[in-house]
2 protein chains.
Amino acid sequence: MVAVKSSEKSPERNRTHVVTIYDIAKRAGVSPATVSRVLNGYPDVSLKTRAKVQKITQELGYQPSAMARGLATKRSMTIGAFVKVGPDDGLRHPVFQEVLTAFQHVVGEKGYDVLFFSQNGPALQREGYEAVARYRNVDGLLVLGMPRTDPGVIALSTCGIPCMSIDLDLIGPRAGYVTSDNVGGAIQAVEFLVQHGHRAIAFIGDKFATKPGHDRLIGFQRAVQEFRLPFRPDWVLDGDFTEIGGYQAVSRLLEMSELPTAIFCASDLMAIGAMRAIRDRGLRVGEDISVIGFDDIRPASMVTPGLTTIRQRSEELGRRAAQALLRMIEEPTALPSVITVATELVVRETVRPVVPRG
Amino acid sequence: MVAVKSSEKSPERNRTHVVTIYDIAKRAGVSPATVSRVLNGYPDVSLKTRAKVQKITQELGYQPSAMARGLATKRSMTIGAFVKVGPDDGLRHPVFQEVLTAFQHVVGEKGYDVLFFSQNGPALQREGYEAVARYRNVDGLLVLGMPRTDPGVIALSTCGIPCMSIDLDLIGPRAGYVTSDNVGGAIQAVEFLVQHGHRAIAFIGDKFATKPGHDRLIGFQRAVQEFRLPFRPDWVLDGDFTEIGGYQAVSRLLEMSELPTAIFCASDLMAIGAMRAIRDRGLRVGEDISVIGFDDIRPASMVTPGLTTIRQRSEELGRRAAQALLRMIEEPTALPSVITVATELVVRETVRPVVPRG
DNA sequence: CCGGCCGCTGGAACCGCTTTCGGCCCGGGA
DNA sequence: TCCCGGGCCGAAAGCGGTTCCAGCGGCCGG
């Protein structure tokens, strides 16, 4: 009898039946529509009904379902993120970490969660970026450090989903981006070197696959021109934006017959590699060869001597991207924005006045 | 006429109507059920129908909807992640980054994406962790570095959703965790110090809010006992697991009348702070005072002298957590596992043989 | 020759929630 | 007194899939 009773008279307490708004409705003697209304805070419900529904909602331990809601609403309160993966990239890259935390913080306040797409998943491999984003029904997209060489990534700019990218110039009707003033920052770096008497300056960059790499080289060249420095093509090397790459590039550089007095590395990681290369060569960084980096990642302040560098305001990058994205999501007519945030010179100890060579 | 035609004769091409399996079904002259079957690769569909449906699916540019599928299926192919936020935590913490990338990599292969819950969102604040996880219908949970002081976090261990945590001992019917062998690692560290003749050893830890902090202290104490070292309570200090905390703790330490010959820091960040404090005090790290850290984060190899430390195999932590989680998700009867992964000593330059004091 | 099984397919009931449309009731102005 | 408008609420049609169940025809064994 007990068994019968429990399975017939209170079917809503069955096994693991999740409680729905129908359960609430039945128990409160109202319609599901009304329950939905109070749950969503619509105004046109009498105080009495509202109170009753809320009470029962509590009692039953009701939990809404994002999937059901999303299906009906066509909004998921989710931001999808494509972030570059690689040995020194993605979650592993200090700049990106800051960007991401800041980003998540501001979208989080509005109730969004962020979904990291796995880039080795079968779906992405087969269907491509846009398909995955659409599949998950994300309200917006963050694209972080992805290479511009991937056509699938470029396609995101025209897919209609609001989209902000960082370090990649995706623009489209619903796509904008934010980036540091990389060329300005590079000029800043060279200028600082020049102020210390350096005129023989090498540049370590990347294969120009990334926008920052490209822009920083542009900035370097522009500065060379502006300050009428000698330009030596064999002094611009590829360091792949990694520590080891920087090490190798500078090792090669130091074997040349004629040496620069300063090295501008387009990333701190490369700069740190460069510093090691210099030391391994028996030279002193600062005294013998000045080094300046770019990014101002955490380790820059930890190494000795402290790395002078151009700081990216990563927290601001993330914040601005988030704000712009939210705007695009919330007002369908909002135009996409391209935002560039200024860099700032942080001087530590790796740049010293040039001393005349023997 | 044209207008009429386009709005009456081909309603499926209306505005932005997303194409559904019904559209495919109609066009292929089959039922939606059949379409669903071929889309999901069920075997019981004739080759002819299958081919036709696939062709039309292509033509129409059909995209499935995760929300609809999830609603019907009760699976979301999503792993939810709660990761600690804080100035030196979460995405910003080097160990966690490795863990996360590895984790995402392995779950990604199985088609899962990972959803980072925003911890400042209104929902989480109001409803709590479990509610949010349930709301999003995640198939599994990753809990990373969350404090054990939060009852909401503890509750996750019994919420029924498969759950793996790292650096936090959540266990329950569907909850396990993976952690480094923190006490073993700490013993390893002390042992190495002892082998170099050190007997006066200080310990910098945290407020014991975190499991790693707690366990490393336990390990330290156990080692002290084992090697019959003098135990000085005033030589165990709180460094808050941050660089600045380590700096401050060691600064205080160095003002004492009697100094240890070596310092064991329960994290590399603190160790790096410690190194700076030692230098600022006019002492040389290594020569005057040895330092050993824990974690082996990237900067550990970048500072000079290179930091000797106990490495956490973070990549393995993430991988194992992912594997265990997948197992729990895929086989409902799988028992939760608690996994501990061994640490490994990496010797660089901050530990030197003790020299007798003046 | 007939019953039954098997391969294939369609019908339809969900999954849990939102939202439009309209109805009911009540108060107030004409 | 009648009508209109507004506050409150219910019915029902989706949103896009999945899956159980039943049905149909053909083939095989008895």
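Just so we're on the same page: letters track the sequence lines, and every chain starts at 1.
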**Asked** Which is true for B:Tyr62 with a 4.0 Å heavy-atom rule: it touches a base, it touches only sugar-phosphate, or it touches nothing?
**Response** sugar-phosphate
**Request:** Let me know the distance between CZ of A:Arg75 and P of C:dG16, rounded to the nearest Å.
**Result:** 23 Å
**Prompt:** Do B:Thr78 and A:Arg136 have side-chain N/O donor and acceptor atoms under 3.5 Å apart?
**Reply:** yes
**Item:** Bounds of contact between DNA chain D and chain B, in 5' to 3' order, using a heavy-atom cut-off under 4.0 Å
**Value:** D:dG16 to D:dC20
**Prompt:** Between atom CG in A:Leu39 and atom P in C:dG16, what is the gap in whole Å?
**Reply:** 15 Å
**Request:** Any salt bridge (charged side-chain N to carboxylate O under 4.0 Å, His left out) involving residues 155-169 of chain B? Give me the pairs, sequence neighbours left out, ordered by first then second residue.
**Result:** B:Arg148-B:Asp169
**Item:** Whole-Å distance separating the CG atom of A:Leu60 from the P atom of C:dG16
**Value:** 14 Å
**Asked** Just by distance, do the side chain of B:Thr57 and the backbone of B:Val53 share a donor-acceptor pair under 3.5 Å?
**Response** yes
**Asked** Is there a donor-acceptor pair under 3.5 Å between the side chain of B:Ser36 and the backbone N or O of B:Pro32?
**Response** no
**Asked** Any chance the side chains of A:Asp23 and A:Tyr62 put a donor and an acceptor closer than 3.5 Å?
**Response** no
**Message:** At 4.0 Å (heavy atoms only), tell me whether B:Ser36 reaches a base, stays on the sugar-phosphate, or touches nothing.
**Reply:** base
**Item:** Length of the CG-C1' vector between A:Asn40 and C:dG16, whole Å
**Value:** 13 Å
**Prompt:** For A:Met328, does its backbone N or O pair with a side-chain atom of A:Arg174 as donor and acceptor, under 3.5 Å?
**Reply:** yes
**Contact letters for nucleotides 4-15 of chain C, in which S counts primed atoms plus P, OP1 and OP2 and B counts the base, heavy atoms under 4.0 Å** = ----SBBB---B
**Message:** The test is side chain to side chain contact (heavy atoms under 4.5 Å, CB included); show your working for A:Leu115 and B:Val114 and say whether it passes.
**Reply:** CA-CA 6 Å; A:Leu115 182 71; B:Val114 2; over 6 Å; no
**Request:** Please test A:Lys52 against A:Lys48 for side chain to side chain contact (heavy atoms under 4.5 Å, CB included), starting from the C-alpha separation and ending with a verdict.
**Result:** CA-CA 6 Å; A:Lys52 178 174 224 167; A:Lys48 218 178 87 199; over 6 Å; no
